[in-house]
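Here is the structure we will look at.
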Amino acid sequence: MRMEWEEEVHSARHVNNLVHCSYMVEKNRKLHNQFDNEASTSSIGASSSGNPIFSGVSIFVDGFTVPSSQELRGYMLTYGGNFENYFSRHRVTHIICSNLPNSKVKNLRAFSAGLPVVKPTWILDSVAARKLLSWVPYQLDQLANNQPKLSAFFTPKNSKLLEDSSNNGLCRIVADIEDSSLRFDQSKDTHSSKADEMVEFKNQSSFESDDILENTDATAIEEPSSVRGNCIEVELAEGEERNVQRELEPSHQGSATSASSRCLDDQNSKERPSSVAMGPSKQCHSTLADPNFVENYFKSSRLHFIGTWRNRYRKRFPIMSTGVNSDSSDVNASDISGRKVVIHVDMDCFFVSVVIRNHPELLDKPVAVSHSNNSKGTAEISSANYPARSYGIKAGMFVRNAKALCPNLVIFPYNFEAYEEVADQFYSILHRRCNKVQAVSCDEAYLEVTVSEGEDPELLASLIREEIFETTRCTASAGIAENMLMARIATRTAKPNGQYHITPEMVDDHLCQLPISALPGIGYVLEEKLKKQNIHTCGELRIISKDSLQKDFGMKTGEMLWSYSRGIDNRLVGVIQESKSIGAEVNWGVRFNDMEDCEHFLIDLCKEVSLRLQGCGVQGRTFTLKIKKRRKDAEEPAKYMGCGDCENMSHSMKIPLATDCVDEIQRIVKRLFGLFHIDVKDIRGIGLQVSKLEGTDASKQGMEKNFLKSWLTSGSTSMRKKNCARVHGEQNLDDTLGQASRDSGGPSVQMDSKMLNDRASSDLISTPPPLCHLDLLKQYIKVKIERDIEEIYICFRLLKR
DNA sequence: ATCCTCCCCTAC
DNA sequence: TAAGGTAGGGGAGGAT
Ligand SMILES: Nc1ccn([C@H]2C[C@H](O)[C@@H](COP(=O)(O)OP(=O)(O)OP(=O)(O)O)O2)c(=O)n1
Ligand SMILES: [Mg+2]
Ligand SMILES: [Mg+2]
Ligand SMILES: [Mg+2]
């Protein structure tokens with residue numbers, strides 16, 4: 001996060017800012033940092049007026065549940081039931097309990113004395129059905145001896161997508177044991193000898209290994225034999241799962257899986273002998289040391305994982321995730337049936353929750369996820385659980401700073417496959433419960449529902465959270481409000497493992513004291529600027545006129561500040577849009593000694609980007625190369641192998657015909673790189689972005705394309721000329737190759753990007769293409785002629801220089 | 001006015 | 001040792 005970036009010593013670009021650290025940081029443009037509603041609602045169609053569903057029912061909630069016992073208490077009291085804070089065999093009729101670790105089940109069995117032990121869903125479903133349902137199907141799994149799981153009846157067998165894992169305990173076991181894979185062993189060998197570190201570390205390895213490696217601690221494991229059995233099963237299951245994933249990946253080529261996260265590709269490929277003695281000159285985790293740096297880097301990068309998740313989601317939920325916004329049809333929905341309500345759902349400390357699922361003893365201990373447990377290191381915390389946050393630990397912090405705040409902090413490694421699986425389960429549930437889902441990230445989404453009089457969105461939220469917990473054993477929180485902004489803000493209040501409804505009457509009170517940084521869209525920089533105007537809360541922000549805000553921050557940003565501070569947000573919950581750009585960048589471990597190193601890296605980056613384009617089925621026309629250049633006089637980066645204090649530079653170039661072809665991209669990138677005139681030793685980061693995307697068009701690929709092209713090229717030139725003239729008249733030609741203008745130094749401009757077009761096959765085919773391709777043909781001709789003309793103009797321009 | 005390029009900012 | 005990515009929104013300022 002920002003605080004860690006502040007550790008970089010920034011060169012003063014403004015004379016007077018030496019005093020004020022935060023001012024300096026701000027001034028330095030530093031391092032960029034950083035349903036059918038009816039269907040759904042009718043299914044929950046609960047009346048909030050207390051229909052005495054639970055008359056005669058008296059519950060006792062045992063242990064941790066989702067929803068919480070307080071929420072369950074609310075439902076009981078609202079619907080005519082009774083809630084007991086203490087267990088009494090005489091007063092209690094049902095024990096409510098989520099699935100427990102086996103160790104507790106025995107106790108419970110004895111203690112329940114024959115009373116039904118039921119999952120909380122029973123209560124939610126009964127409220128939804130407006131009548132008391134039989135508790136039998138809701139019996140706690142572990143108590144329903146030898147009974148097949150109820151859910152097994154409902155799950156389609158083949159379910160390749162592993163959509164809803166309630167189908168197999170096996171899936172869970174796989175994930176769980178993966179959790180436990182020991183990945184800190186190297187650090188164990190090399191780590192410093194500090195005592196507390198040792199202790200901490202030992203704790204960790206001991207609990208990690210307990211589950212799979214040894215059964216020495218008999219009390220920790222109830223059924224050692226079954227654990228062993230599972231171990232074997234797991235390996236099989238894991239293999240199967242991999243095969244499934246292969247099948248799912250249509251363009252599975254070599255090791256480079258297009259549009260998939262490297263993080264998921266293969267974590268268990270054994271580590272290469274990376275520690276073979278590196279000369280001290282070679283920094284041993286940089287591009288200099290690893291010829292396959294780009295690929296390996298992405299495999300381990302959490303930010304790469306979350307950054308590429310969206311594209312994987314698009315593929316996995318194609319119908320739900322893509323398409324045009326169905327805006328106008330729903331605008332009037334409020335007239336018809338009820339009011340629109342937005343629910344924002346977000347997993348609690350996602351990366352931590354997933355990896356500590358098998359360690360209930362850690363629930364109330366400070367835990368974080370990071371690559372390294374080194375108390376002196378600069379590895380970043382990805383996510384910290386709530387106990388850890390009470391020490392001030394946050395995502396983005398260096399481990400050494402986190403450990404300084406809390407020496408007992410337990411660090412877990414990443415498990416990207418498990419995150420992916422839980423995210424899939426999460427979205428399967430959301431899409432089943434609601435037909436309007438807007439994905440935000442792997443752990444977060446907005447839902448829109450229309451509720452009629454007497455219906456209760458809070459119940460829907462409870463049901464969803466309950467199902468998420470039952471399926472993933474991770475908790476989620478939910479915010480409910482009239483618009484996306486307030487729903488998101490409500491989630492903050494709800495966390496962890498809660499939900500919160502901000503009704504329209506509550507909006508003003510809720511915002512009034514809220515720090516402006518809590519508003520989405522206000523990050524470090526805006527917060528600092530506003531602070532200087534003595535604005536800290538939304539209430540204070542409201543005092544500033546819209547004009548003034550727009551003058552200071554620009555039209556759109558000013559408008560946003562003005563509206564958000566009032567709880568106004570007109571955004572509609574909708575399907576995510578098709579992507580406008582695709583890119584890849586690396587700003588860690590980038591070190592070059594000579595041009596050869598650099599070129600090698602660039603080639604790999606081009607390959608990566610090309611594969612991502614192909615994986616998404618798009619091609620692009622604008623290519624932007626970004627370089628981070630070590631600032632003059634910049635210190636060594638605060639972060640190990642980091643980019644430190646850099647100057648950001650970029651050049652872009654537009655080509656006439658969209659491409660996804662590696663070779664072509666390499667040529668483009670080579671030219672772009674030349675424009676920088678940079679000493680490769682100063683490079684600390686490189687990125688390549690592609691925009692002006694077009695779907696990879698049938699007329700532009702494969703045999704069809706060649707066929708049409710061949711036919712066209714062999715055809716009469718008169719036709720070509722005629723069309724040329726016509727198109728010329730109606731087309732504006734400003735769409736030309738934007739030769740990066742800032743730097744005119746590159747005289748070596750060859751027309752080597754002169755394309756595809758000209759390397760047509762030399763075969764002459766005289767038969768015309770089938771009539772059904774007429775439209776395709778027309779389109780092709782149009783595009784091609786357009787491009788040809790553009791190129792003529794480009795040539796003309798370049799020659800003129 | 002509108003577009004384009006080169007940034008910066010934000011969120012996960 | 002550690003894996004500081006990705007994409008969208010938007011502003012400033014220049015070209016048209
Ligand atoms: N700087 C960040 C922010 C987030 N993430 C990852 C880890 C998080 O678990 C996940 C989801 O981000 P959230 O913002 O939802 O944070 P958490 O889920 O961890 O916590 P919260 O309970 O506040 O949602 O993204 C990350 O790696 N680095
Ligand atoms: Mg979260
Ligand atoms: Mg989130
Ligand atoms: Mg904010």
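It should be emphasised that the depicted structure is a prediction, and the values quoted were computed from it without experimental measurement. To find a chain, count down the sequence lines: A is the first, B the second, and so on, and within it residues start at 1.
Within the 4.0 angstrom heavy-atom criterion, no nucleotide atom of any strand lies near A:F305. Among the protein residues, A:L693 comes within range of no part of the nucleic acid, since none of its heavy atoms lies under 4.0 Å from any strand. Contacts of A:R488 with the nucleic acid, taken as non-hydrogen atoms under 4.0 Å apart, involve only primed sugar atoms and P, OP1 or OP2. A:E444 comes within 4.0 angstrom of sugar-phosphate atoms only, judged by non-hydrogen atoms across all strands, and of no base. At the heavy-atom level, A:K556 lies under 4.0 Å from the strands shown only through sugar-phosphate atoms. Counting non-hydrogen atoms under 4.0 angstrom, A:T624 reaches nothing in the nucleic acid.
Residue A:F398 is the one, among A:G583 and A:F398, whose nearest nucleotide of DNA chain C lies closer to the 5' end (criterion: closest heavy atom). Where A:S579 and A:G554 meet DNA chain C, the nucleotide closest to each residue was compared, and A:S579 sits on the side nearer the 5' end.
Relative ring orientation between A:W588 and A:Y297 is described as parallel, the plane-to-plane angle staying below 30° on a 0-90° scale split at 30° and 60°. The aromatic rings of A:F676 and A:H651 sit perpendicular, their planes meeting at an angle over 60°, well past the 30° parallel limit.
Side-chain nitrogen and oxygen atoms of A:H304 include at least one within less than 4.0 Å of the OP1 or OP2 phosphate oxygen of C:dT6. Here A:S300 does not reach the OP1 or OP2 of C:dA2: none of its side-chain N or O atoms lies under 4.0 Å away. The phosphate of B:dT5 (OP1 or OP2) has no side-chain N or O of A:K654 nearer than 4.0 angstrom. For the OP1/OP2 pair of B:dC6 and a distance below 4.0 Å, the side-chain nitrogens and oxygens of A:H651 include at least one atom meeting the criterion. Residue A:N311 has a polar side-chain atom (N or O) positioned under 4.0 Å from OP1 or OP2 of C:dA7. At C:dG4, one or more side-chain N or O atoms of A:R302 fall inside 4.0 Å of OP1 or OP2 (strictly under the cut-off). Distances shown here put a side-chain N or O of A:S372 below 4.0 Å from the OP1 or OP2 atom of C:dA2. For A:S301 and C:dG4, the shortest distance from a side-chain N or O to OP1 or OP2 is below 4.0 Å. Taking only side-chain nitrogens and oxygens, A:N648 never comes nearer than 4.0 Å to OP1 or OP2 of B:dC6. Taking only side-chain nitrogens and oxygens, A:T557 comes nearer than 4.0 Å to OP1 or OP2 of C:dG11. For B:dC6, neither phosphate oxygen OP1 nor OP2 lies less than 4.0 angstrom from any side-chain nitrogen or oxygen of A:K626. Applying the 4.0 Å criterion to OP1 and OP2 of B:dC6, one finds that A:S652 has a side-chain N or O inside that range. Look at A:R612 and you won't find any side-chain N or O under 4.0 angstrom from OP1 or OP2 of C:dA7.
Ranking C:dA7, B:dC12, B:dC9 by closeness to the A:V525 side chain, first place goes to B:dC9. In this structure, of B:dC7, B:dC12, C:dG4, it is B:dC12 that holds the atom nearest to the side chain of A:S441.
If you measure from atom CD of A:E585 to atom C1' of C:dA3, you get 14 Å, rounded to the nearest angstrom. When rounded to the nearest whole Å, the span between CD1 of A:I522 and P of B:dC12 equals 13 Å. Per the geometry, CG belonging to A:L605 stands 13 Å off C1' belonging to C:dT6, to the nearest Å. In this structure, OH of A:Y414 is placed 12 Å from P of C:dG5, rounded to the nearest angstrom. Look at CG on A:D569: it is 15 Å from C1' on B:dA11, rounded to the nearest Å. Regarding A:L303, its CG atom lies at a distance of 13 Å from the C1' atom of C:dA2, rounded to whole Å. Between A:M555 atom CE and C:dG13 atom C1' the separation is 17 Å, expressed in whole Å. For A:L526 and B:dA11, the CG to P distance is 9 Å, given to the nearest whole Å.
Judged by the 6.0 Å and 45° rule, A:R312 forms no cation-pi pair with A:F416. Figure legend: cation-pi geometry between A:R302 and A:F305 absent, as NZ or CZ is not positioned both under 6.0 Å from the six-membered ring centre and within 45° of its axis.
Between A:N374 and A:K403, the side chains place no donor N or O within less than 3.5 Å of an acceptor N or O (distance only, hydrogens not considered). There is a side-chain donor-acceptor pair under 3.5 Å between A:T475 and A:D348. Donor-acceptor pairing under 3.5 Å is lacking for the side chains of A:Y313 and A:R310.
On a pure distance criterion of 3.5 Å, a polar donor-acceptor pair joins the side chain of A:E8 and the base of C:dG4.
A gap of 23 Å separates the C1' atoms of B:dT10 and C:dA3, to the nearest Å.
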